[in-house]
Amino acid sequence: MLQLFDSLSAQVRELRLRDEGRASIYLCGPTVYDLPHLGHGRHALVWDVLRRWLVFSGLEVDFVSNVTDIDDKIIERAAAEHVSEAELSTREENEWWRAMAALGVAPPNHAPHATAYVEEMVAAIVAMLDSGAAYELSDGVYFDTSRVGDYGALSGQSLDSLRAGARVEPNEAKRSPLDFALWKRAKEAEPSWEAPFGAGRPGWHTECVVMSLALLGEGFDLHCGGLDLKFPHHENERAQAVVLGQRFAQHWAHHGWVMVGEEKMSKSLGNFTSLTDLLGQTDPRAYRLLVLRSHYRSPLEVTPETVADAERALERLDALARRFSLPALAGERLELASDFDFSGEAGVLRARVSSAIEDDLDTAQALAKLFDATSQANVLADRGNPRGAAQLARAIGALCAGMGLRLHASDDEVDETSADLVSEREAARAAQDYARADALREELSRRGWIIEDTPEGPAMRRA
RNA sequence: GGCGGCGUGGCCGAGUGGUUAGGCAGGGGCCUGCAAAGCCCCGUACUCCGGUUCGAAUCCGGACGCCGCCUCCA
């Protein structure tokens, strides 16, 4: 079973499943007020890979990822654009799913919206008020962090040291600067929901704890998200679960940043590249490859150079797919190992890749094994073992698909004119008119085709 | 100030107490009409200073540099 770093115990340990054969995972999703950037892309890809691998390995996976569709940022942005909050969040959410689809990220089994769970959140807040873990101020309801003895456990800090580091809060009425809003009373013209403690909207931290428990139940297996969510967001979710008396996530996992030079990419720093921009000019699989070949907890540098590097690396795998005419493992369903033949060398490879991934999601190591196997398959084919080579190549394709990376054999439709040019070139070559043959290859190149002469004849692919 | 992380060959980027990471780029060769793809060979890295050890880039201590969280953030 998978060994995974757990942020709460601060060690790599086995991901234990509450229900045998079934994993329950919650991933904090986007607040939809702006375009997703490369950091969100990494976030989605890292956990998509984990999820796919579990499915590939034969587990049922309940994967829940929320959409925050009401929040201060949404209200601000909507006002600035003179559109309704709903209009803005719908638009941006569509953009999000478009980007996810382009990246090949499988949709969650559930994508709960904050606005659809307000009733449940109100009930939770009432319970916290009743138990004295929450208190009311003029502008809303706040959580009393002093009520949770081990507040800070997730971030490895004590209440005192957190308090010492807290910056001055605008709301001086809070009992502690660490206390956070469970409910914000509505100001003029803001979207709001009725509640016993006054009309308003839920705080962000309440949404995730309520929705994860509602959909996955108590003691679900894994809660994951970006490192920046560890504190305060996840800490606060956990604190609420504690005072609500509900068993919460049994394992916490956080992934690292996308870096721009020496800085974290973030919306606040304004140094971000939108996913839409990247996907417009790059094969999305190259970004997945880039993410896969670094460790999920390490910072990852994304520059035009590293992206181009990944594109060329991907080309090596695609070349393998072409050489062995690997079937396109397409389709919306997640791939299953049981659909493939992993006997012999293929099984050895599968074991290597599995043990790498199960070692705290060491996809870089897994990929290294796949590249080794790529050489191996090519060598086998070069040395007269086409069957062994093809079997290994199929395993490589399947294992890549298990991580969500689909290799492309060339299945480009060759248009009639180009096909004629290819025939002409073959004729020229047969007549040893190489000047003519090269001119035709040049012509095909201008038409966007790369032509390779193989023992089986000319092979065409899009440049 | 508190907490956490990082520093690897031209670039990206894993990992590890002694045995090849991997990719990309580069050089040489084979194959090819020439290419492409593929194969073979080549660089011999781990911030610095101490220490532990038969042996450390890997463990310990220190120094320097950098990053992040402590406020919204994947």
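Note on naming: letters A, B, ... go to the chains in the order of the sequence lines (proteins, then strands), and numbering restarts at 1 for each one.
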Among the nucleotides [options], which one has an atom lying closest to any side-chain atom of [X]?
{"X": "Gln157(A)", "options": "rA74(B), rC3(B), rG33(B)", "result": "rC3(B)"}
{"X": "His255(A)", "options": "rA37(B), rA74(B), rG33(B)", "result": "rA74(B)"}
{"X": "Ala368(A)", "options": "rG13(B), rA21(B), rA74(B)", "result": "rA21(B)"}
{"X": "Asp309(A)", "options": "rG68(B), rC24(B), rC72(B)", "result": "rC24(B)"}
{"X": "Asp453(A)", "options": "rG23(B), rC70(B), rG33(B)", "result": "rG33(B)"}
{"X": "Glu452(A)", "options": "rG68(B), rG33(B), rA36(B)", "result": "rA36(B)"}
{"X": "Pro232(A)", "options": "rC72(B), rG23(B), rG68(B)", "result": "rC72(B)"}
{"X": "Thr306(A)", "options": "rA14(B), rC12(B), rG68(B)", "result": "rC12(B)"}

Atom pair distance, as rounded to whole Å: [atom1] in [X] and [atom2] in [N]:
{"X": "Phe371(A)", "N": "rG22(B)", "atom1": "CZ", "atom2": "C1'", "answer": "7 Å"}
{"X": "Phe231(A)", "N": "rG5(B)", "atom1": "CZ", "atom2": "C1'", "answer": "18 Å"}
{"X": "Asp48(A)", "N": "rA74(B)", "atom1": "CG", "atom2": "P", "answer": "18 Å"}
{"X": "Ile357(A)", "N": "rG15(B)", "atom1": "CD1", "atom2": "P", "answer": "14 Å"}
{"X": "Met259(A)", "N": "rC6(B)", "atom1": "CE", "atom2": "C1'", "answer": "9 Å"}
{"X": "Leu162(A)", "N": "rC69(B)", "atom1": "CG", "atom2": "P", "answer": "15 Å"}
{"X": "Glu426(A)", "N": "rU32(B)", "atom1": "CD", "atom2": "C1'", "answer": "14 Å"}
{"X": "Leu380(A)", "N": "rA37(B)", "atom1": "CG", "atom2": "P", "answer": "21 Å"}

Can you find a donor-acceptor pair, distance only, under 3.5 Å between [X] side chain and [N] base?
{"X": "Lys73(A)", "N": "rC72(B)", "answer": "yes"}
{"X": "Arg322(A)", "N": "rA37(B)", "answer": "no"}
{"X": "Asp160(A)", "N": "rG2(B)", "answer": "no"}
{"X": "Asp372(A)", "N": "rG22(B)", "answer": "no"}

*Passing option when Asp360(A) is tested against Gln3(A), Arg297(A), Arg13(A) for side chain to side chain donor-acceptor pair (under 3.5 Å)*: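 Exactly one pass, corresponding to Arg297(A).
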_Quick check on side chain to side chain donor-acceptor pair (under 3.5 Å): which of Asp71(A), Thr115(A), Asp72(A) does Arg201(A) satisfy it with?_
Asp72(A)
May I ask you to say what [X] touches in the nucleic acid, namely base, sugar-phosphate or nothing, with a heavy-atom cut-off under 4.0 Å?
{"X": "His254(A)", "answer": "nothing"}
{"X": "Gly156(A)", "answer": "sugar-phosphate"}
{"X": "Ala313(A)", "answer": "sugar-phosphate"}
{"X": "Ser298(A)", "answer": "sugar-phosphate"}
{"X": "Ser294(A)", "answer": "sugar-phosphate"}

Separation between the [atom1] atoms of [N] and [M], rounded to whole Å:
{"N": "rC72(B)", "M": "rG13(B)", "atom1": "C1'", "answer": "31 Å"}
{"N": "rG10(B)", "M": "rG2(B)", "atom1": "P", "answer": "37 Å"}
{"N": "rA35(B)", "M": "rC41(B)", "atom1": "C1'", "answer": "22 Å"}
{"N": "rG61(B)", "M": "rG27(B)", "atom1": "P", "answer": "45 Å"}
{"N": "rC66(B)", "M": "rG29(B)", "atom1": "P", "answer": "45 Å"}
{"N": "rU16(B)", "M": "rG5(B)", "atom1": "P", "answer": "16 Å"}
{"N": "rU58(B)", "M": "rU53(B)", "atom1": "C1'", "answer": "13 Å"}
{"N": "rU52(B)", "M": "rC59(B)", "atom1": "C1'", "answer": "8 Å"}

*asked:* I want to check a possible cation-pi pair here: Arg175(A) against Tyr135(A), using under 6.0 Å from ring centre and within 45° of the ring axis as the test.
replied: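 Yes.
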*Between Trp449(A) and Arg461(A), is there a cation-pi geometry (under 6.0 Å to ring centre, at most 45° from the normal)?*
no
_Tell me whether Asn271(A) contacts the main-chain N or O of Lys264(A) through its side chain, where contact means a donor paired with an acceptor under 3.5 Å._
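It does hold such a pair.
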*Examine distances only and state if a side-chain atom of Thr90(A) and a backbone atom of Ala86(A) form a donor-acceptor pair shorter than 3.5 Å.*
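Side chain of Thr90(A) to backbone of Ala86(A), a donor-acceptor pair under 3.5 Å: yes, one is there.
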*Closest-nucleotide ordering on RNA chain B, the 5'-leading residue of Arg425(A) and Glu301(A)*: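 Comparing both residues, the 5'-ward one is Glu301(A).
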*Find which nucleotide of RNA chain B each of Arg461(A) and Ser161(A) is nearest to by heavy atoms, and output the residue with the more 5' nucleotide.*
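Counting from the 5' end, the first nearest nucleotide belongs to Ser161(A).
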*Name the stems with RNA chain B in them: runs of three or more consecutive Watson-Crick or G-U pairs, distances under 3.5 Å?*
B:1-7 with B:64-70, B:10-12 with B:22-24, B:26-30 with B:38-42, B:47-51 with B:59-63
Just the atom pairs and distances: protein N or O near nucleotides 38-40 of chain B's N or O, under 3.5 Å.
residue : atom : partner   : partner atom : Å
rG38(B) : OP1  : Arg316(A) : NH1          : 3.4
rG38(B) : O3'  : Asn378(A) : ND2          : 3.2
rG38(B) : O2'  : Arg323(A) : NH1          : 3.4
rG38(B) : O2'  : Asp382(A) : OD2          : 2.6
rC39(B) : OP1  : Arg316(A) : NH2          : 3.4
rC39(B) : OP2  : Arg316(A) : NH1          : 3.4
rC39(B) : O4'  : Asp382(A) : OD2          : 3.2

*For residues Ser24(A) and Leu216(A), report the shortest heavy-atom separation together with the two atoms involved.*
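What the structure gives for the nearest pair is CB-CD2, 3.8 Å.
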_Derivation and outcome, salt bridge (Lys or Arg N to Asp or Glu O under 4.0 Å), residues Arg406(A) and Asp318(A)_ = CA-CA 9 Å; Arg406(A) 293 200 184 112; Asp318(A) 278 348; over 6 Å; no
Side chain to side chain, [X] and [Y], heavy atoms closer than 4.5 Å:
{"X": "Leu137(A)", "Y": "Tyr142(A)", "value": "yes"}
{"X": "Met265(A)", "Y": "His37(A)", "value": "yes"}
{"X": "Val148(A)", "Y": "Phe143(A)", "value": "yes"}

Within less than 4.0 Å of OP1 or OP2 of [N], is there a side-chain N or O belonging to [X]?
{"X": "Arg312(A)", "N": "rA25(B)", "result": "yes"}
{"X": "His295(A)", "N": "rG15(B)", "result": "yes"}
{"X": "Lys264(A)", "N": "rC69(B)", "result": "yes"}

*Do you see a donor-acceptor pair shorter than 3.5 Å between the side chains of Asp221(A) and Tyr26(A)?*
no
*Point-to-point distance, once rounded to the nearest 0.5 Å, from CG of Asp48(A) to CG of Leu103(A)*: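 Between Asp48(A) CG and Leu103(A) CG, I get 9.0 Å after rounding to 0.5 Å.
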